[in-house]
Participant: 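Please find one structure pasted underneath; my questions will follow.
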Amino acid sequence: MVKYIMMLKVGTFLNLHILKVLNVICSKLILKRSFRKHTIPFLINDFIIDKRGEILICGEQPENQNGILAAYDLITKKSKILLTTATRINTVYYDNHTNTYFCRSNGWPYILDNNFKQISKVDALQTDEKKFIQYPRINVINRYNDKILLGSLGGGLYVLDAETYEVEGHLMTGDGLSDNKVVGIIKDLKGNCWLPTFNGITVINADYTIISVIYQQDGLPNKEMNTKAYTIDENGFLYFGTVNGMVVMNPEKVLQWKKSHGFFINQVQVKYPNKIEVLKDFSFKSNFINMEINYFKPDYIYNLFDNFPPNIISSEKLTITTKPNTIFVSKAEPGSYLMNINFPNTDRFDKFNFEIIRDYTRIIIAAACL
């Protein structure tokens, strides 16, 4: 029985590798496997396994760039085109509750019946202004309880009524979503929904309340999650692909983390008269021209204010310039310096201390002031 499917793009076509899993030990990621190679004559954007056991593939035809939805038989290695559109189809999803298919081309998602005939569409021009879909690039579709969720590449997360397909809710960075580019939707065994994005992972509960956000500084290999690169194993562990490797999570333990981080230094770069040096520790020579401090914002700051630099008050006179996530400090005289850092729309301050002495400069403290 085929349990896993791995897809690798090669040239202009896509080789589909079917992985027969003979033995799987998920905790140690040990797989004994054999491969069969399938070459499919389409450019493929997405695929699912439908109730017939066929692989439904969406993408485009190389010769004319028309969008296609096709069924591929693993036994005969033959494909059958079920639907063609003027533009490529980017996403396909099967909802087994209503026995319908969701497809999204360059326009809005539309809904197909069991015979792949269009029966409805997600209308961007709904009467209620709050239900208006502002961003058409729907990238991932999945059911969560009694709703259909749409993850977009720029417009956040839309919540649809599964019967009428009207928008009932909308989450963006201003609501606490980690990023407006949502590239995955997966439910854990406790009923929470995990949303990988281009800036970490957001977790919502059944009330569509954000209950946790996991950022790169919390241990992810990279802040950017790969599109539709996620799964769950039989033990409930979640797997997410990033642009810098895969991360495995025990969702129950992750949601029990008690975390609160303030001003978090990611990297310090020092410019000397003849070179630029990225620090491996927090000591460097005192003849620097300027110091560039790359930081993560505190976790109490919503992404709504990402484009606004902090206000900085120094205990001594310093030449300071800022841009989002970066502070520049120009050359200063030997002495001890304290910068109090305040982010817009908050009444909290974080500290950054450093000391310049004759032979070298030393960063003493970089911590939240609670």
Side-chain angles (χ1 to χ4, degrees), residues 5 7 9 14 42-49 55-60 65 67-69 83 85-95 100-112 120-124 131-144 147-160 162 165 167-187 193-204 208 210 213-214 220 222-232 238-243 246-247 303:
I5 293 181
M7 299 178 64
K9 280 191 176 180
L14 184 139
F42 307 120
L43 297 176
I44 299 177
N45 290 315
D46 196 7
F47 78 100
I48 60 173
I49 300 177
I55 299 179
L56 290 189
I57 298 166
C58 70
E60 67 181 63
Q65 286 75 53
I68 60 101
L69 178 66
L83 177 71
T85 59
T87 57
R88 70 179 180 181
I89 302 176
N90 296 285
T91 303
V92 61
Y93 167 71
Y94 173 68
D95 182 29
T100 54
Y101 297 87
F102 288 73
C103 290
R104 203 280 296 181
S105 61
N106 288 340
W108 304 100
Y110 45 91
I111 298 91
L112 310 175
S120 187
K121 67 176 181 178
V122 179
D123 192 353
K131 297 179 179 180
F132 180 75
I133 296 180
Q134 299 172 332
Y135 203 86
R137 292 188 64 188
I138 303 302
N139 191 51
V140 61
I141 304 171
N142 209 344
R143 174 181 280 266
Y144 178 51
K147 307 298 180 185
I148 299 294
L149 303 189
L150 307 179
S152 73
L153 284 179
L157 182 77
Y158 296 95
V159 182
L160 303 187
Y165 312 118
V167 179
E168 293 189 346
H170 187 202
L171 290 177
M172 297 188 71
T173 53
D175 306 301
L177 195 67
S178 62
D179 193 82
N180 284 332
K181 295 178 180 178
V182 179
V183 295
I185 300 167
I186 186 169
K187 183 178 178 180
C193 187
W194 296 63
L195 307 169
T197 74
F198 272 23
N199 184 29
I201 302 169
T202 302
V203 188
I204 61 175
Y208 298 92
I210 294 174
V213 179
I214 300 100
L220 297 177
N222 194 278
K223 70 175 184 178
E224 184 176 336
M225 303 291 110
N226 271 328
T227 302
K228 300 172 186 171
Y230 56 88
T231 191
I232 185 171
L238 296 173
Y239 299 74
F240 297 99
T242 79
V243 297
M246 183 179 71
V247 61
N303 287 60

Participant: Enter the distance from I44:CD1 to N90:CG here, rounded to the nearest 0.5 Å.
Facilitator: 13.0 Å
Participant: Parallel, tilted or perpendicular: which describes the rings of F102 and Y165, with under 30° parallel and over 60° perpendicular?
Facilitator: perpendicular
Participant: With heavy-atom distances below 4.5 Å as the criterion, would you say the side chains of N142 and I186 are in contact?
Facilitator: no
Participant: Would you indicate whether the side-chain heavy atoms of I111 and V122 approach each other to under 4.5 Å?
Facilitator: yes
Participant: I need the minimum non-hydrogen distance between I48 and Y93, along with the two atoms involved.
Facilitator: CD1-C, 4.1 Å
Participant: Who are the ring pair (Phe, Tyr, Trp, His ring centres under 6.0 Å) partners of Y230, not counting sequence neighbours?
Facilitator: none
Participant: Do L195 and L157 have side chains that approach each other closer than 4.5 Å (heavy atoms only, starting at C-beta)?
Facilitator: yes
Participant: If you take all heavy atoms of S152 and I138, which pair is closest and at what distance?
Facilitator: CB-CD1, 3.9 Å
Participant: side-chain contact (heavy atoms from CB on, under 4.5 Å) for L177 and V213? Distances and angles first, verdict last.
Facilitator: CA-CA 8 Å; L177 195 67; V213 179; over 6 Å; no
Participant: Would you please name every residue forming a salt bridge (Lys or Arg N to Asp or Glu O under 4.0 Å) with K223, sequence neighbours left out?
Facilitator: none
Participant: Rounded to the nearest 0.5 Å, what's the gap from CZ on R88 to CG on N45? Could you check?
Facilitator: 5.0 Å
Participant: Taking only residues two or more places apart in sequence, or in another chain, which ones meet N226 in a side chain to side chain contact (heavy atoms under 4.5 Å, CB included)?
Facilitator: A229, V243
Participant: Determine the minimum heavy-atom distance between I210 and G176, stating which atoms define it.
Facilitator: CD1-C, 3.3 Å
Participant: With Y110, which residues qualify under ring pair (Phe, Tyr, Trp, His ring centres under 6.0 Å), at least two apart?
Facilitator: none
Participant: Would I201 and F240 satisfy side-chain contact (heavy atoms from CB on, under 4.5 Å), going step by step from the backbone distance to the final call?
Facilitator: CA-CA 9 Å; I201 302 169; F240 297 99; 3.7 Å; yes
Participant: Does Y101 have any ring pair (Phe, Tyr, Trp, His ring centres under 6.0 Å) partners at least two apart in sequence or in another chain, and if so, which?
Facilitator: Y94, F116
Participant: Could you check if a side-chain atom of Y158 sits within less than 4.5 angstrom of a side-chain atom of I148, using non-hydrogen atoms only?
Facilitator: no
Participant: Who pairs with T227 by side chain to side chain contact (heavy atoms under 4.5 Å, CB included), at least two apart in sequence or on another chain?
Facilitator: N139, V183
Participant: Would you check if V92 and F47 make a side-chain contact, meaning some heavy-atom pair closer than 4.5 Å?
Facilitator: no
Participant: Please identify each residue that fulfils side-chain hydrogen bond (donor to acceptor under 3.5 Å, both in side chains) with T100, with sequence neighbours left out.
Facilitator: T98
Participant: When you look at K228 and D46, which way does the side-chain contact (heavy atoms from CB on, under 4.5 Å) test go after all the steps?
Facilitator: CA-CA 9 Å; K228 300 172 186 171; D46 196 7; 2.8 Å; yes
Participant: Under the rule for side-chain hydrogen bond (donor to acceptor under 3.5 Å, both in side chains), what residues qualify as partners of K187, not counting sequence neighbours?
Facilitator: N145
Participant: Would you please name every residue forming a salt bridge (Lys or Arg N to Asp or Glu O under 4.0 Å) with R143, sequence neighbours left out?
Facilitator: D95
Participant: Distance from T91 atom OG1 to I141 atom CD1, nearest 0.5 Å?
Facilitator: 5.5 Å
Participant: For V159, which residues count as a side chain to side chain contact (heavy atoms under 4.5 Å, CB included) partner, sequence neighbours excluded?
Facilitator: K147, L149, Y208
Participant: Is the backbone of S178 close enough, under 3.5 Å, to the side chain of N199 for a donor and an acceptor to pair up by distance?
Facilitator: yes
Participant: Where do M225 and L220 land on the side-chain contact (heavy atoms from CB on, under 4.5 Å) test, with the steps shown first?
Facilitator: CA-CA 9 Å; M225 303 291 110; L220 297 177; 3.8 Å; yes
Participant: Look up atom OG1 in T85 and atom CG in L69, then write down how far apart they are to the nearest 0.5 Å.
Facilitator: 9.0 Å
Participant: How long is the straight-line distance from CD1 of I68 back to CD1 of I57, given to the nearest 0.5 Å?
Facilitator: 7.0 Å
Participant: Could you grab the distance from atom CE of M172 to atom CG of D179, nearest 0.5 Å is fine?
Facilitator: 9.5 Å
